[in-house]
Amino acid sequence: MRNVIKPWGYEEIWAETEKYVGKILSINDGHQLSRQYHRVKDETIRVQHGVLTLELGKPEDENFKSINLPVGASYRIQPGTVHRFCANNGRVILLEASTGEIQDVVRLEDDYDR
């Protein structure tokens, strides 16, 4: 198990193999992750605490969606899906189960200049 400090909070990687990764993400109130997509990585999240605002697509696209996911809700993010996790109304804690491609992140926008 290892913790990775992020500018938006932290992630705790509790399982990591070549085939799968298990994480807990803690997103501080008022913060958001990069708007990003994955070429290969397939992930599913589950909200454990708070209300996650999940943005799908780019705001300028006509198919852009912003949805609020309450505690207990889950969502699968398939490869190629542009997405962003936001904590707009308090701290959010997510469980994430994904395939093993942990470095497969293509950032389109980032509040922290990464």
Step by step, would you call L95 with I45 a side chain to side chain contact (heavy atoms under 4.5 Å, CB included)?
-> CA-CA 5 Å; L95 299 181; I45 57 159; over 6 Å; no
- Query: Do H83 and E55 come close enough that some side-chain heavy atom pair is under 4.5 Å?
  - Reply: no
Practice problem: Please check if the side chain of H38 supplies one atom and the backbone of Q78 the other of a donor-acceptor pair under 3.5 Å. | Solution: no
query = Does some side-chain heavy atom of L25 sit less than 4.5 Å from a side-chain heavy atom of W8?
reply = yes
* R39 atom CZ, neighbour heavy-atom count above 12 within 6.0 Å -> no
Separation between CG (L52) and SG (C86), nearest 0.5 Å, reads 7.0 Å
What one should report as the nearest heavy-atom pair of P79 and V40 is CG-O, 3.2 Å
- Within one Ile-Leu-Val-Met-Phe-Trp-Tyr cluster: I5 and I102, side-chain cutoff 4.5 Å: no
Quiz item: Okay, side chain of D42, backbone of T99: is any donor-acceptor separation there less than 3.5 Å?
Solution: no
task: Look at the rings of H31 and Y112 and say which category their plane angle falls in: under 30° parallel, 30 to 60° tilted, over 60° perpendicular.
output: parallel
Given the rule that I, L, V, M, F, W and Y join up when any side-chain heavy atoms are under 4.5 Å apart, are I27 and I77 in one cluster? yes
In short, A15 meets Y20 closest at the heavy-atom pair CB-CE1, 4.0 Å
OG of S66 to CG of N88, rounded to nearest 0.5 Å, is 7.5 Å
Residues E12 and Y10: closest non-hydrogen pair is N-CD1, 4.2 Å
In short, K23 meets I13 closest at the heavy-atom pair CG-CG1, 4.0 Å
dist E96:CD -> K41:NZ (nearest 0.5 Å) comes out at 4.0 Å
Counting neighbours of CD on E60 that are heavy atoms of other residues, nucleotides or ligands and sit closer than 6.0 Å, is the number greater than 12?
yes
On a heavy-atom basis, the closest approach of Q32 and D111 is NE2-OD2, 2.9 Å
- Step by step, work out the side chain to side chain contact (heavy atoms under 4.5 Å, CB included) result for V92 and F85. CA-CA 9 Å; V92 173; F85 301 154; over 6 Å; no
ask   = Is there a chain of hydrophobic side chains (I, L, V, M, F, W, Y, each step under 4.5 Å between heavy atoms) that links L69 to L33?
value = yes
Are V47 and Y75 grouped together when hydrophobic residues (ILVMFWY) are joined by side-chain heavy atoms under 4.5 angstrom apart? yes
> Is V82 linked to V106 within one hydrophobic cluster, defined over Ile, Leu, Val, Met, Phe, Trp and Tyr using a side-chain heavy-atom separation of less than 4.5 Å?
Replying inline: yes
| message | Please determine whether a side-chain nitrogen of the Lys or Arg among E16 and R2 lies less than 4.0 Å from a carboxylate oxygen of the Asp or Glu. | response | yes
The reported gap from CG in L56 to OG1 in T81 (rounded to nearest 0.5 angstrom) is 7.5 Å
Taken to the nearest 0.5 Å, the spacing of R46 CZ from L94 CG works out to 11.0 Å
message: For a salt bridge (Lys or Arg N to Asp or Glu O under 4.0 Å) check, start with the C-alpha distance between E109 and R84, then their side-chain angles and the critical distance, and finish with the verdict.
response: CA-CA 9 Å; E109 293 175 38; R84 174 176 255 176; 3.6 Å; yes
A87 and G90 have their tightest heavy-atom pair at CB-O, 3.4 Å
The reported gap from CG in N3 to CD in E11 (rounded to nearest 0.5 angstrom) is 9.0 Å
